[in-house]
Visitor: 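Could you have a look at this structure, given as structure tokens, before my questions?
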Number of protein chains: 2
Amino acid sequence: MPAPILTKEEVLGRLMTAFREKGFDGASLAELSAATGLGKSSLYHHFPGGKVEMAQQTLEYLEAALEQSLFEPMRTGEPPEKKLSTMLDTLSAFYGEGRKACLLERLCASVDQRAFRRPLARLFERWIDVVEQLALDAGLPPATARARAEDLVVRIQGALVVCAGTGDMRVFSRTIVELRSSLLAS
Amino acid sequence: MPAPILTKEEVLGRLMTAFREKGFDGASLAELSAATGLGKSSLYHHFPGGKVEMAQQTLEYLEAALEQSLFEPMRTGEPPEKKLSTMLDTLSAFYGEGRKACLLERLCASVDQRAFRRPLARLFERWIDVVEQLALDAGLPPATARARAEDLVVRIQGALVVCAGTGDMRVFSRTIVELRSSLLAS
DNA sequence: GTCTATACGTGGATAGAC
DNA sequence: GTCTATCCACGTATAGAC
């Protein structure tokens, strides 16, 4: 049976799902092979650097996806309150209302974290920068805008950890609700 | 050379350090053996259930340690503001000002997370409960007290993730400063 | 209780055919 | 580009001596 043709994007999307579910250290090549439908050798054809390169390319793929679905919509002429709400909706869906882990966190926590350091730092900083700009547009003073932006990312990440630890996804929902009303408040 | 005698507590303390540094999935028996100075067979003598049991007992050890150093001091007659400050100082030291990972997060993220589910949920909830009581003592309304308590734990965990991702430990410091002034504010 | 030695599976990674 | 077959190291875990 001829293997169904997957585009590179589809492969990377499945790798991302696998890494988010199992973690970088926890995902074995056998699982990544099953997740993508590609044999190990095929994976090595696409990712000569092995598992580390799979995660690196997955991270680049995520960066591009976030640029399009999360960051770009923040550069429209909509009012900041509206854009914040849009961002929180997108994040809430992306994280399955608290049920799905964050690839960034999974790679931060991995044994090979050094291989991901720069792209991880860049992606976190871009995310914070975008939120900071939103806060500036809403008229908050620069120091406050920066702190609020960091705080949004911190709280999203923290909520995911606490949800995973307690099994109570309401923590994530409440965090989103809280951010919606407080992030741009003066 | 006779092996230096380590108490069970000392062994568990070293296992905790190893799990925090490498993660549960990332820590191999060889590393746990080196960290404790015990041969693999000796580890299995103390922890017949293998790596999972090592982490479970380490979690129990952490729970007892937190009970003594973090939770118990919250039951004195000191004013809530003072006790909050004490808790934040203790947490800041425990997490090395953002440089050291949290065992709870490491186990939440592990492939064997189901084996840790109940103790993890219990420990998170006890932590939140203690902070909630602090907020109630400070005169905050019950719903607010609960939300603020969850928020403290969420922000600490999130700050650790963002510090690991960006390499910027100031995020942790700022989070602590922020919590010190805002958690009990009406 | 600790060690040395070892079993045995699975991990990541490769060779080479198609 | 994909597969089957295979390699070797390391993973967890155990046996048995001291």
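We name chains A, B, ... by the order of the sequence lines, and we start the count at 1 in each one.
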Visitor: By a strict heavy-atom criterion of less than 4.0 Å, which residues belonging to residues 39-61 of chain B are in contact with DNA chain C?
Guide: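 Contacting residues: B:Gly39, B:Ser41, B:Ser42, B:His45, B:His46.
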Visitor: Run the side-chain contact (heavy atoms from CB on, under 4.5 Å) test against B:Gln133 and tell me which residues pass, sequence neighbours left out.
Guide: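 For B:Gln133, the residues satisfying side-chain contact (heavy atoms from CB on, under 4.5 Å) (neighbours in sequence not counted) are B:Leu136, B:Asp137.
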Visitor: Only counting residues at least two apart or in another chain, list the ones meeting side-chain contact (heavy atoms from CB on, under 4.5 Å) with B:Val52.
Guide: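 B:Val52: side-chain contact (heavy atoms from CB on, under 4.5 Å) contacts with B:Phe24, B:Gln56, B:Asp112, B:Ala115, B:Phe116.
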Visitor: My understanding is that only residues two or more places apart in sequence, or in another chain, count here; which of them pass salt bridge (Lys or Arg N to Asp or Glu O under 4.0 Å) with A:Arg126?
Guide: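 A:Glu63, A:Glu67.
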Visitor: Using the test salt bridge (Lys or Arg N to Asp or Glu O under 4.0 Å), find all partners of B:Glu132 that sit at least two apart in sequence or belong to another chain.
Guide: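 Applying salt bridge (Lys or Arg N to Asp or Glu O under 4.0 Å) to B:Glu132 gives B:Arg146.
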Visitor: Excluding sequence neighbours, so at least two apart, what forms salt bridge (Lys or Arg N to Asp or Glu O under 4.0 Å) with A:Glu72?
Guide: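 Partners of A:Glu72 under the salt bridge (Lys or Arg N to Asp or Glu O under 4.0 Å) test: A:Arg75.
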Visitor: Between A:Asp89 and A:Arg180, is the closest basic N to carboxylate O distance under 4.0 Å?
Guide: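 Salt bridge between A:Arg180 and A:Asp89, a charged N being under 4.0 Å from a carboxylate O: yes.
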Visitor: Going by heavy atoms closer than 4.0 Å, what residues in residues 19-32 of chain A are next to DNA chain C?
Guide: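 Within this stretch, A:Ala27, A:Ser28, A:Leu29 sit under 4.0 Å of the strand.
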Visitor: Provide, to the nearest angstrom, the distance between the CG atom belonging to B:Leu38 and the C1' atom belonging to D:dT12.
Guide: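 Going from CG in B:Leu38 over to C1' in D:dT12 covers 17 Å.
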Visitor: Any side chain to side chain donor-acceptor pair (under 3.5 Å) involving residues 12-24 of chain A? Give me the pairs, sequence neighbours left out, ordered by first then second residue.
Guide: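 Listed by first then second residue: A:Lys22-A:Glu31.
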Visitor: Please list, chain by chain and in numerical order, all residues satisfying side chain to side chain donor-acceptor pair (under 3.5 Å) with A:Glu53, sequence neighbours excluded.
Guide: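 A:Gln57.
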